[in-house]
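Let me begin by presenting the structure, written as C-alpha cells, before commenting on it.
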Amino acid sequence: MRGKSNFRGVSWCEKVKKWRALLWDGQKQRFLGHFTADTDAARAYDRALLDLKGAEAKTNFPASDYASAPAAAATAIAAVEPVAATGAHA
C-alpha cells in the first residue's frame, strides 16, 4: 500500500514516488534519503537513531541487527577526514 508505512520514521513521498526516511533531532528534522523499499528506509532510520540516541533507541528492527554499523561508519568517516583536512581536491 503506497502512502502508508508500518515503520517508524518512514513515509511515502508522492513527488519522487519513493519511500523517505526522516528523523527528528530535537527541533530539527533530518532527511535520511529516498528508498525504493520501505524496509530500506526503516533500516536507515534505525541506524541514524542509534547514532543519535544509543542503545536505548526504539528501532524498527532489533538493535542487535546493527551491532557492526557504528564501527563501519567510523571507518568510513576516518577514511574521508584526512583528505578534507589537507584540503587536497582532485
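Residues take their numbers from the sequence shown, with the count starting at 1. Just so you know, these numbers use all the heavy atoms, side chains as well, and skip hydrogens, waters and symmetry mates.
- A salt bridge links E14 with K17: the closest approach of a Lys/Arg side-chain nitrogen to an acidic carboxylate oxygen falls below 4.0 angstrom.
- Legend: residues meeting side chain to side chain contact (heavy atoms under 4.5 Å, CB included) with A37, ordered by chain and number and at least two apart, are T39, D40.
- Checked against side chain to side chain contact (heavy atoms under 4.5 Å, CB included), Q29 has the following partners two or more places apart in sequence or in another chain: L22, W24.
- The minimum heavy-atom distance linking A21 with A41 is given by the pair CB-O, 3.5 Å.
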Practice item. Could you walk me through whether R20 and S11 pass side chain to side chain contact (heavy atoms under 4.5 Å, CB included), step by step? Key: CA-CA 6 Å; R20 71 177 157 225; S11 60; 3.0 Å; yes
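- We find the NZ-CG distance between K28 and L23 to be 13.0 Å, quoted to the nearest 0.5 Å.
- In this view, R30 and D25 satisfy the salt bridge (charged side-chain N to carboxylate O under 4.0 Å, His left out) rule, not counting sequence neighbours.
- Checking side-chain atoms of D46 against main-chain N and O of T59 turns up no donor-acceptor pair under 3.5 Å.
- Judged as a side chain to side chain donor-acceptor pair (under 3.5 Å), and not counting sequence neighbours, D38 has no contacts.
- R43 is linked by a salt bridge (charged side-chain N to carboxylate O under 4.0 Å, His left out) to D65, counting only residues two or more places apart in sequence or in another chain.
- Applying the ring pair (Phe, Tyr, Trp, His ring centres under 6.0 Å) test to every pair with at least one member in residues 39-64, sequence neighbours left out, gives these pairs: F7-F61.
- The closest side-chain heavy-atom distance from S5 to W19 is below 4.5 Å.
- Under the 4.5 Å side-chain heavy-atom criterion for grouping Ile, Leu, Val, Met, Phe, Trp and Tyr, F35 is not connected to L49 through any hydrophobic cluster.
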